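Fair warning: this is a prediction, and the values are worked out from it, not measured in the lab.
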Amino acid sequence: MPQTFTHEFDTPVYKGKTSFPTGIFINGEFVDGSDGGMIDVLNPADTSLITQVSEATAKDVDTAVDYAQKAFETTWGLNAPGFKRAELLNNLAALMVKHRDELCAIEALDNGKTYRWAQNADLPLSIDVIKYYAGWADKISGQVIETDEGRLTYTRHEPIGVVGQIIPWNFPILMMVMKLGPALATGNTIVMKTSEFTPLSALRMCTLLQEAGFPPGVVNVLTGYGTTVGEAISHHMKIEKVAFTGSIATGHKILVAAGKSNLKKVTLELGGKSPNIIFNDADLEQAINWSFFGIYWNHGQACCAGSRVFVQSGVYDEFLAKFTEKSKGIKLGDPFGADSFQGPQVSEVQYNRLMHYIDLGKQQGATLHLGGSRHDSTGYFVEPTIFTNTSPDMDIVQEEIFGPISCIIKFEDEADIVRQANDTFYGLAAAVFTRDVTRAIDTANRLKAGTVWVNCYNAIHANMPFGGFKKSGFGREFSEYALQNYTNVKSININLHHKMQ
């Protein structure tokens with residue numbers, strides 16, 4: 001019998017109670033993991049134990065897949081018409097609205113993001129995503145294609161079947177729904193692995209899936225480790241598609257597993273080292289404000305973070321001075337603090353990773369212009385950090401760090417800046433700040449990135465595709481494009497008049 005997690009929030013920004021089971025979620029029920037193992041869930045703000053959750057195993061993946069296959073063949077897939085799928089997705093969105101404050105509080109407790117950011121960004125977009133795909137559920141259609149008058153030829157876009165989804169820890173609810181939305185709208189059943197660092201909001205969402213009326217087995221959620229649950233999902237012969245958000249190294253492993261098993265479809269979103277280009281003619285105040293948001297949103301724990309800030313020489317000194325002053329004003333502290341802008345990094349692993357890259361930057365000759373130290377003696381807090389005087393070959397310029405760490409890089413040659421910006425094996429996002437619309441369009445078109453923002457940053461919408469070029473992955477999240485990840489196209493050719501001699 002799984003444990004129940006109950007917590008009373010008594011904070012300056014939220015007062016309330018949450019209570020939900022901490023088992024793995026299979027066939028519409030919370031159950032213990034097959035081996036009885038438990039995973040500690042820590043509060044990143046003070047490293048204390050929040051609770052324990054059940055640990056899933058490869059055996060649990062097998063069980064979840066069997067139930068997901070049964071649901072696909074009986075109560076979901078083509079057995080659930082689009083209007084019914086839309087109804088249930090809309091039910092889920094309504095429940096998320098009803099419990100929005102509670103979900104934000106769980107995110108802040110478990111992940112360390114500020115309650116303010118969860119309220120202003122994570123939950124509004126998450127709700128929008130579910131509503132958006134509810135709108136698509138009864139509009140999945142093929143085409144009638146003219147060949148000749150003696151035939152009826154058409155296509156069907158059919159659900160794939162059981163799909164595996166592996167999500168990261170940086171935006172737990174948002175990552176969950178951006179995978180669930182298109183998969184459910186198109187009629188697939190799901191076996192999802194959540195991060196062992198941030199499982200709580202997904203478990204609470206499972207209770208909302210129950211309440212929304214989704215049939216048992218349609219969504220199955222397992223908390224476990226990549227080396228067990230992730231491996232099992234990636235290699236499973238009955239899982240026909242895997243969607244993953246995370247590191248390049250893990251993305252490679254999933255592709256290898258897909259090739260060694262059943263050649264399952266794979267979509268990958270693998271992070272970035274995004275360039276943010278500030279030209280001399282930019283509205284400097286707005287460029288500073290958006291660049292600040294570009295790197296410090298979610299404590300820098302965003303795959304599209306604008307961590308390489310290229311500033312043209314004519315405004316470099318002024319930009320650096322004002323950006324530095326604004327960075328100094330960041331309030332680090334309790335995620336539930338009324339004025340907290342930045343909470344802790346998610347885990348000790350991530351904290352150590354950041355400190356390693358800060359040390360590397362100094363060792364390789366970059367100038368530590370601001371920050372670079374731990375903030376507070378408890379919790380995984382890292383000061384906002386700025387490096388200057390970098391070179392393109394430095395690790396802090398080339399590698400994704402995933403924290404509040406930026407490199408401010410001066411450039412002179414407008415003709416060469418696109419080459420510098422593209423000098424990375426990532427290609428997820430980029431930004432351009434200029435008042436010249438021709439320069440903006442020309443630069444945006446030449447950047448090798450899946451998303452380019454002009455005079456803004458981190459503008460993400462449910463109806464706009466998001467995904468990468470190069471090693472940032474393939475396939476798209478959000479928008480109509482994501483539906484393509486979850487359907488097979490079938491061609492049907494009906495002979496009406498042709499006779500074979």
Study note, to complete from the structure: Here the pair of heavy atoms bringing G33 nearest to S54 is N-CB, 3.9 Å

Practice item. Evaluate whether atom CD of Q52 has more than 12 neighbouring non-hydrogen atoms of other residues, nucleotides or ligands under 6.0 angstrom away. Key: yes

**Study point:** Modelled atom types, side-chain donor and acceptor of Q3 and D32, under 3.5 Å
**Key:** no

**Study point:** Nearest-0.5 Å distance that lies between atom CG in N455 and atom CG in D283
**Key:** 8.0 Å

Practice item. Look at the side chain of D423 and the backbone N and O of R419, then say whether any donor-acceptor pair between them is shorter than 3.5 Å. Key: no

Review point. Can a donor-acceptor pair be found between the side chains of D35 and T57 at a distance below 3.5 Å?
Key: no

Practice item. Please report the closest heavy-atom contact between E231 and T227, naming both atoms and the distance. Key: CG-O, 3.3 Å

Exercise for review: Using a cut-off of 6.0 Å, state whether more than 12 heavy atoms not belonging to F466 lie near its atom CZ.
Suggested key: yes

**Study point:** S234 versus K264, side-chain donor and acceptor atoms under 3.5 Å
**Key:** no

Review point. Quick one: are V346 and N170 in side-chain contact, heavy atoms under 4.5 Å?
Key: no

**Study point:** Distance-only donor-acceptor check, side chains N27 and K70, under 3.5 Å
**Key:** no

Check your understanding: Between T207 and R204, does any side-chain donor sit less than 3.5 Å from a side-chain acceptor?
Key -> yes

Practice item. Quick one: closest heavy-atom pair of P275 and A429, and the distance? Key: CD-O, 3.3 Å

**Study point:** Residue pair T194 / A202: nearest heavy atoms and the distance that separates them
**Key:** CG2-CB, 3.6 Å

**Study point:** Qualifying residues under ring pair (Phe, Tyr, Trp, His ring centres under 6.0 Å), relative to F25, sequence neighbours excluded
**Key:** F30

**Study point:** Ion pair check, D148 and R151, cut-off under 4.0 Å
**Key:** yes

Review point. Between L428 and T451, is any pair of side-chain heavy atoms under 4.5 Å apart?
Key: no

Check your understanding: So, Q210 side chain and P216 main chain: donor-acceptor pair closer than 3.5 Å or not?
Key -> no

Practice item. Please check if atom OH in Y225 has more than 12 non-hydrogen atoms from other residues, nucleotides or ligands closer than 6.0 Å. Key: yes

Check your understanding: Does some side-chain heavy atom of L103 sit less than 4.5 Å from a side-chain heavy atom of E107?
Key -> no

Point to revise | Side chains of C304 and W453 in contact at under 4.5 Å (non-hydrogen atoms) | key: yes

Exercise for review: Give the C-alpha distance, both sets of side-chain angles, the deciding distance and a yes or no for side chain to side chain contact (heavy atoms under 4.5 Å, CB included) between L180 and M192.
Suggested key: CA-CA 9 Å; L180 290 181; M192 175 180 285; 3.8 Å; yes

Check your understanding: Can you check whether T443 reaches F279 side chain to side chain, under 4.5 Å on heavy atoms?
Key -> yes

Check your understanding: Is there a side-chain hydrogen bond (donor to acceptor under 3.5 Å, both in side chains) between N485 and T267 once you walk through the steps?
Key -> CA-CA 7 Å; N485 302 332; T267 50; 4.6 Å; no

Check your understanding: Quick one: do the T186 and N188 side chains pair a donor with an acceptor below 3.5 Å?
Key -> yes

Review point. Is the closest side-chain donor-acceptor distance between N493 and T153 under 3.5 Å?
Key: no

Review point. Rounded to the nearest 0.5 Å, what separation is found between the OG atom of S406 and the CZ atom of F292?
Key: 10.5 Å

Practice item. Any chance you could lay out the side-chain hydrogen bond (donor to acceptor under 3.5 Å, both in side chains) test for T424 and K471, step after step, and finish with the verdict? Key: CA-CA 9 Å; T424 172; K471 285 192 175 183; over 6 Å; no

Review point. Say you draw a straight line from OG1 of T198 to CG of L203; how long is it, rounded to the nearest 0.5 Å?
Key: 10.0 Å

Point to revise | Exercise: do D62 and H236 side chains pair donor with acceptor under 3.5 Å | key: yes

Exercise for review: Can you measure from NE2 (H7) to OG1 (T18) and round to the nearest 0.5 angstrom?
Suggested key: 9.0 Å

Exercise for review: Considering non-hydrogen atoms only, spot the tightest contact between F478 and V129 and give its length.
Suggested key: CE2-CG2, 3.5 Å

Review point. Within 45° of the six-membered ring axis of F402 and under 6.0 Å from that ring's centre, is NZ or CZ of R353 located there?
Key: no

**Study point:** Student check: side-chain heavy atoms of I106 and F20 closer than 4.5 Å
**Key:** yes

Review point. What are the two closest non-hydrogen atoms of Y14 and A105, and how far apart are they?
Key: CD2-CB, 3.4 Å

**Study point:** Pairing of K238 and D66 as salt bridge, 4.0 angstrom limit
**Key:** yes

Practice item. Would you please test T51 and L200 for side chain to side chain contact (heavy atoms under 4.5 Å, CB included) and show each step? Key: CA-CA 9 Å; T51 189; L200 298 185; 3.9 Å; yes

Check your understanding: About how many Å separate CD1 of I166 and OG1 of T250, when rounded to the nearest 0.5 Å?
Key -> 8.5 Å

Point to revise | Point-to-point distance, once rounded to the nearest 0.5 Å, from CG of L184 to OH of Y133 | key: 11.5 Å

Practice item. Identify whether the distance between the nearest side-chain nitrogen and carboxylate oxygen of E477 and K179 falls below 4.0 Å. Key: yes

**Study point:** Stepwise side chain to side chain contact (heavy atoms under 4.5 Å, CB included) test for T434 and D281
**Key:** CA-CA 6 Å; T434 176; D281 70 336; 2.7 Å; yes

Point to revise | Backbone N/O of G271 and side chain of E269: donor-acceptor pair under 3.5 Å | key: yes

Review point. Is a side-chain N or O of R85 found less than 3.5 angstrom from the main chain of A185, in a donor-acceptor match?
Key: yes

Point to revise | Full working for side chain to side chain contact (heavy atoms under 4.5 Å, CB included) between V41 and T223 | key: CA-CA 11 Å; V41 181; T223 300; over 6 Å; no

Practice item. Give a yes or no on this: more than 12 heavy atoms of other residues, nucleotides or ligands lie within 6.0 Å of atom NZ of K59. Key: no

Exercise for review: Could you check D101 against Q119 for side-chain hydrogen bond (donor to acceptor under 3.5 Å, both in side chains), going step by step and ending with a plain yes or no?
Suggested key: CA-CA 7 Å; D101 293 351; Q119 275 280 12; 2.5 Å; yes

Review point. E211 versus L208: any side-chain heavy-atom pair under 4.5 Å?
Key: yes

Revision key, fill the gap. Contacts of F214 meeting ring pair (Phe, Tyr, Trp, His ring centres under 6.0 Å) (sequence neighbours excluded), chain-then-number -> W76

Check your understanding: Would you call Q165 and M176 a side-chain contact if the rule is heavy atoms closer than 4.5 Å?
Key -> no

